[in-house]
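Residue numbers begin at 1 in each chain, while the letters A, B, ... track the order of the sequences.
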There are 2 protein chains.
Amino acid sequence: MTEKSSPTEPIHARGGSGATIADVAQAAGVSVATVSRALSGNYPVAKATRERIFRSVTDLGYVANAHARALAGATTRTVGIIINDVADPFFAYIARGVERQASAEGRMCLITATHGDKERELALVDLMREQRTDAVILVGGASDDPRYRKQMADRARALDAAGSSLVLCGRPSLGPGVPTKMVTYDNEGGAFAITDYLISQGHRRILYVGGPRDFSTTASRLAGFYRALDARGIERDPALVHEGAFGRGFGYSRMRELLDQDVDFTAVFGANDLVAAGILEALEERGIRVPQDVSVVGYDDVPVASELRPRLTTVRVPLEELGREAVRLALSQSPHDAGASSDNTLTVGTHIVIRDSVSPPSKP
Amino acid sequence: MTEKSSPTEPIHARGGSGATIADVAQAAGVSVATVSRALSGNYPVAKATRERIFRSVTDLGYVANAHARALAGATTRTVGIIINDVADPFFAYIARGVERQASAEGRMCLITATHGDKERELALVDLMREQRTDAVILVGGASDDPRYRKQMADRARALDAAGSSLVLCGRPSLGPGVPTKMVTYDNEGGAFAITDYLISQGHRRILYVGGPRDFSTTASRLAGFYRALDARGIERDPALVHEGAFGRGFGYSRMRELLDQDVDFTAVFGANDLVAAGILEALEERGIRVPQDVSVVGYDDVPVASELRPRLTTVRVPLEELGREAVRLALSQSPHDAGASSDNTLTVGTHIVIRDSVSPPSKP
DNA sequence: CTAGAAATAGTAAGCGTTTACTATGGAGAA
DNA sequence: TTCTCCATAGTAAACGCTTACTATTTCTAG
């Protein structure tokens, strides 16, 4: 890379900190209003003038100050998304969808993570409100603490009043009359389907492992699980359901404990694929073969599912699509859900994907 | 959730869109300056007054307008990070580190993705400049196109002039005299170590698969690979190195092709873990056992590596730490690299982690 | 007592845009 | 020729906040 500085060298031509629109105006010999108009192109500017302005812009390396612009009334063209953890694939894929759709619609994307802290989640919503984002998308299950719900509802109203909107992605409504938009997936249906599949293979004693208690996602998956049991007339056995957490570590350690306790079962339903991965690991460690000795299923169909050996039979959730829809909904002009449920709730389907981790039970 | 509206119901008390500081001032019967000071706490305000103000703030659900604040001179308290793809674990873990460190230092985090498009990358840097972020962190390898480098160098200067800074994370310098900060990891060293390990196990014909050609990351890994070969006096064979892409799909399809061509080799070095996963899949499909028939290694030590069967021997890169360091460096007051290399370049180490995918070759 | 230092509050000048209004030439119409 | 109407360009008023100055009190010390 040579140090020869070409005559068209832009951007750092000016010594000081960032050029302002006034600098551009001066350089081009026009008023700031004219520059602003030439740049936004929503008002006629003579061709010669416009060209002079653009030349000055590149010469000075000018970029508009987004804050001044936002302050002066124009929209921020930014959508905020709040997730649990960037490195969790479940969230990462949703975030990718949001990010892609946002940029398809000419928006930036502000991603923040709560790391499971409810207080932090509320604070982050406020932070996005400070940023005046066009919408804030809240992703993932929620706990059903009524105080929390009330606080979030307040924020939904505040956002709504400010012309923005709160989009709930994969979590339950905040209650009637709270102005939110929602995009969800058929959590209960997927759980039903995969449980039913297990039953159809002959399983009767199915362990359910993982997912925080009192958490909306857990509740729906469990609901589908129970419905499938009920539909086939299989008795619910409380000793078989073990809530806890969504991580791989939880699946591993809880499975070990259960193995130690000699619980009787022929299949395990991991609350998500990560938990299932942990379960598989514990099983492998004890020399229990999957699916010959025990069948295992997961939920989400995150890439690990097909990485595992045996490849995991699981429920496919169109994560990226979920994120895209959230943005579409957020940016659409459709009115909020102001009581009567309307088309601002969107549900995408789920379906099971059958791989190698399930077979009929060996000891029927 | 009842609809009874309690007397302390906040936030939406006001009908209009977001309350301003003036509203709060009026409600509390003081001037806006006093409110501003009570909120930022950098100037004495009588206790009684302060309490009155805070009450009004909660009553009105006031949150400061971040843009007005930024415009009025306060810092934006935001750092920008530009990555390839949110859903790629390599980037996701770095992003997590950035996100965590940023919030530890009281910053928000603006995450955007290029999806491998260089033009878009440049545009995103400008976008962050518009946002006046405290720093922009550019993650991942770069192509060595001189025109691109020059354009990025211009932006580095512009950012620097504006009091922000450009942090290069895991990518080579933009050249001497360009004001950037850098945090990298020992790419070449890791590649050397793992290649040497393969050689020490008796392998002589090692395939190198993956990574875009003319890409800094590929160049360093290949350099380490070659250095290890040279050190042991093994001849470089161009027929054994197959650049291409970083995805799992590439590893799979290229491995299939190579298998069809009957190339002679006993081990494969996947340019990263994803490529290695694809390689493993292709091998498994052909009934070739790993490590008995062929040994395989990867790079990065992303979670998939331990998910795979056999568990992958790979090079550990402290991804999250990398992200954290990038933020620390970005926010530290250390002067930029203005020529003489100084302590604003930080290199974190890599080391190999041995798992189950390597053994001595069966046909020596 | 009284000058001078805190402590506390208010005034008002920006920060960099956007945009409603106003001004200035011509060009075409009457 | 005079009046209207476009096409352009400029003026200046927000936007909501921070902060340098200035103005009051209230102490404290001499």
Checklist entry - Which sits closer to the 5' end of DNA chain C, B/A68 or B/R52, going by the nucleotide each is nearest to? => result B/R52

Next on the checklist: List the residues meeting side-chain hydrogen bond (donor to acceptor under 3.5 Å, both in side chains) with B/E121, not counting sequence neighbours, and say none if there are none.
Outcome noted: B/Y148, B/R171

Checklist entry - Rounded to whole angstrom units, what separation is found between the CD1 atom of A/I21 and the P atom of C/dG16? => result 11 Å

Checklist outcome for this item: Residues B/C109 and A/L110: closest non-hydrogen pair is O-CD1, 3.7 Å

Next on the checklist: Over all strands shown, is B/A64 touching base, sugar-phosphate only, or nothing at heavy-atom distances under 4.0 angstrom?
Outcome noted: sugar-phosphate

Checklist entry - Once you build an axis from the first five pairs and another from the last five of the helix from C/dC1-D/dG30 to C/dA30-D/dT1, how far apart in angle are they, to 10 degrees? => result 50°

Next on the checklist: Under 4.0 Å from a heavy atom of chain A: give me the 5'-most and 3'-most nucleotides of DNA chain D that qualify.
Outcome noted: D/dT8 to D/dG16

Checklist entry - Which of residues 37-50 of chain B sit near DNA chain D, with a heavy atom under 4.0 Å from it? => result B/R37, B/N42

Next on the checklist: Tell me which one of B/L138, B/V139, B/L122 satisfies side-chain contact (heavy atoms from CB on, under 4.5 Å) with B/I82.
Outcome noted: B/L138

Checklist entry - Reckon A/T34 touches a base, only the sugar-phosphate, or nothing at all at heavy-atom distances under 4.0 Å? => result sugar-phosphate

Checklist outcome for this item: With sequence neighbours left out, the residues meeting salt bridge (Lys or Arg N to Asp or Glu O under 4.0 Å) with B/D145 are B/K118

Checklist entry - Is B/E325 salt-bridged to B/R328, cutoff N-O under 4.0 Å? => result yes

Next on the checklist: Looking at A/Q26, I want to see if its CD is surrounded by more than 12 non-hydrogen atoms of other residues, nucleotides or ligands under 6.0 Å.
Outcome noted: no

Checklist outcome for this item: A/L71 CG to C/dT19 P, in whole Å, measures 12 Å

Next on the checklist: What's the separation between atom CD1 in B/I53 and atom OH in B/Y62, rounded to the nearest 0.5 Å?
Outcome noted: 11.0 Å

Item to check | Pair A/R129 + A/D126, salt bridge at N-O below 4.0 Å | outcome: yes

Checklist entry - Salt bridge between B/R324 and B/E320, side-chain N to carboxylate O under 4.0 Å? => result yes

Checklist entry - For B/R52, which residues count as a salt bridge (Lys or Arg N to Asp or Glu O under 4.0 Å) partner, sequence neighbours excluded? => result none

